[in-house]
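Working notes, beginning with the structure itself.
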Amino acid sequence: MNYCSACGAPVTKKIPAGDNLPRFVCDTCQAIHYHNPKIVVGCIPEWDGHILLCRRAIEPKSGLWTFPAGFMEIGESTEQAAVRETLEESQAQVERICLFAVLSLPHIGQAYLVFRGPMGSPDFGAGEESLEVQLFSLSAIPWDEIAFPVVKDALCRYVDDVTRSEFQVHVATLPDRLT
Ligand SMILES: [Zn+2]
């Protein structure tokens, strides 16, 4: 950050009084600009023993597969974000979703909240940000073409849970090299 978003004057990185981390502080209006992690919300849509994945139409990682996921918007809850992202990217409606994983990526300042839940019907299609959308059996997940390590991590945990017939809420932090 070079300029204050409140007044347009230059900012300086310094530790404000009473704080313990450097922040961008406006030289003129003294506004402190905090830079905090972003929440990404995802959902694993389920249908008849399969899961729905989307092939990304946008960068980064265009052409690779992911479950629907995206940044939370102001004014919505995490579960609303999960349903919205699923609808936008895969044109599928998920119901009765529940939290599946909380995955922290501290090195890039993100936390993923991954939900899972059954689709209301087998209807789906490619949204604006997807090239194609497809149901996969768990033995056919395209592991070598998954867009992001965090998505792969969540899918591994998912397959493990299904295999053991025991779902839990996973809380984990991905190491630097995997982000
Ligand atoms: Zn300012």
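All ligand and atom numbering here is 1-based and tracks the order in the structure. Sequential numbering from 1 along the given sequence is applied to the chain's residues.
Side chains of H170 and D153: no donor on one and acceptor on the other come within 3.5 Å.
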Review point. Is there a ring-ring contact (aromatic ring centres under 6.0 Å, His included) between F136 and W65 once you walk through the steps?
Key: CA-CA 11 Å; F136 288 90; W65 294 89; 4.9 Å; yes
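Protein atoms that are N, O or S and lie under 2.8 Å from the Zn ion (ligand 1) are these: C4 SG, C7 SG, C26 SG, C29 SG.
Going from atom CZ of R56 over to atom CD1 of I146 covers 12.0 Å, rounded to the nearest 0.5 Å. Separating the CE atom in M119 from the CD atom in Q93 is a distance of 10.0 Å, to the nearest 0.5 Å. Taking CE from M72 and CD1 from I39, the interatomic distance works out to 5.5 Å, rounded to the nearest 0.5 Å.
Remark: E59 CD is packed, more than 12 non-hydrogen atoms of other residues, nucleotides or ligands lying under 6.0 Å away.
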